[in-house]
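Sequence positions, counted from 1, serve as the residue numbers for this chain.
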Amino acid sequence: MILYFIINNDGSSFIDHYVYVQKDLFFYLNNKLSQFPNLQFNLTQLGDAMLFYPLLAIFIIYAPKLWEALLTSSFFSLIVSALLKKIFAVPRPAAMFDHDSFTIIGKTLSGKTSLPSGHSICAFIVITTLLFAFMPKKIGYKIIWSFFIISAGLIIVFSRVGVGAHYPLDVIIGSTIGFIISIIGITISNRFKLFNWINDKNKLPIFMLALVITGGVIIKKITEINLPIFYISLTSLVITLYLMIRFYVKKNK
């Protein structure tokens, strides 16, 4: 897809061609999705690992292999996302279009970090990990599960267009990258066991500390922007922390 814009640029710069070929679609989707500002603003927060990962923290106890794959994928995603944003340096919509021409929900982002969408990469790493971790055996259920989980992922990532932070192709490319990285992460995790220490229940205090720190970050976010999704994430975190402490104490009696 990127090669298409490089090859078929009609003499214009890559950035201009990339932005203006999807300009109308961006305005259309932004207009439609921003009609539900509270929903879009809450959904877009799930692209933040500090909010999405606590929702899965319970699996550290009951499905540690999921977290082995998730951490492996997350490590590679940080490198890939930062590198690609630096290479392409595509300005955000707020840096290319008049602010009165589309809806911006939340903080106005205007840097040259639009491609790919980091939130979309993060969201689809989680979505893809869940997709394969809980894939049913029967083909009919596989189709239903795949449709449901991928649809949920697309709803989350397109909220980035709804809040005016990204172009449509940013989130499509970001989601694709997240999917690929997750597949690679699952493969590497199964073969090399980079994070197999997660299975060691004696290491639970490390995760307890991480949850406490994350909880502090979420509480700080709540004081700045009071959103329901923050409370959902914090509640999940607190429940998981309680279960971890209970499990650890019982194990070491």
Polar side-chain atom of Asp170 near backbone of Ser117 as donor-acceptor pair, under 3.5 Å: no

Under 3.5 Å: donor-acceptor pair, side chain of Ser159, backbone of Ile156: yes

Parallel, tilted or perpendicular: ring planes of Phe132 versus Phe179, cut at 30 and 60 degrees: tilted

Leu204 side chain reached by Ile60 side chain, heavy atoms, under 4.5 Å: yes

Exam field: side chain Thr235 to backbone Tyr231, donor-acceptor pair closer than 3.5 Å: yes

Note, Phe59 side chain near Leu70 side chain (heavy atom, < 4.5 Å): no

Main-chain N/O of Asn31 paired to Ser34 side chain as donor or acceptor, under 3.5 Å: yes

Closest non-hydrogen atom pair, His166 against Thr113: CE1-O, 4.0 Å

No-hydrogen, no-angle side-chain donor-acceptor test under 3.5 Å, Arg160 and Thr44: yes

Atom CZ of Phe36: over 12 foreign heavy atoms under 6.0 Å: no

Any side-chain heavy-atom pair of Val157 and His119 under 4.5 Å: no

Ile225 vs Phe41 side-chain heavy atoms within contact, under 4.5 Å: yes

Heavy-atom side-chain proximity of Asn199 to Glu68 below 4.5 angstrom: yes

Donor on one side chain, acceptor on other, Ser74 and Tyr53, under 3.5 Å: yes

Side-chain donor or acceptor of Arg92 paired with backbone N/O of Ala165 under 3.5 Å: yes

Side chain to side chain, Phe75 and Ile188, heavy atoms closer than 4.5 Å: no

Reference residue Leu243; test side chain to side chain contact (heavy atoms under 4.5 Å, CB included); the match among Thr240, Ile245, Ile239: Ile239

Lys86 backbone acceptor or donor facing Lys112 side chain under 3.5 Å: no

Phe27 vs Ser101 side-chain heavy atoms within contact, under 4.5 Å: yes

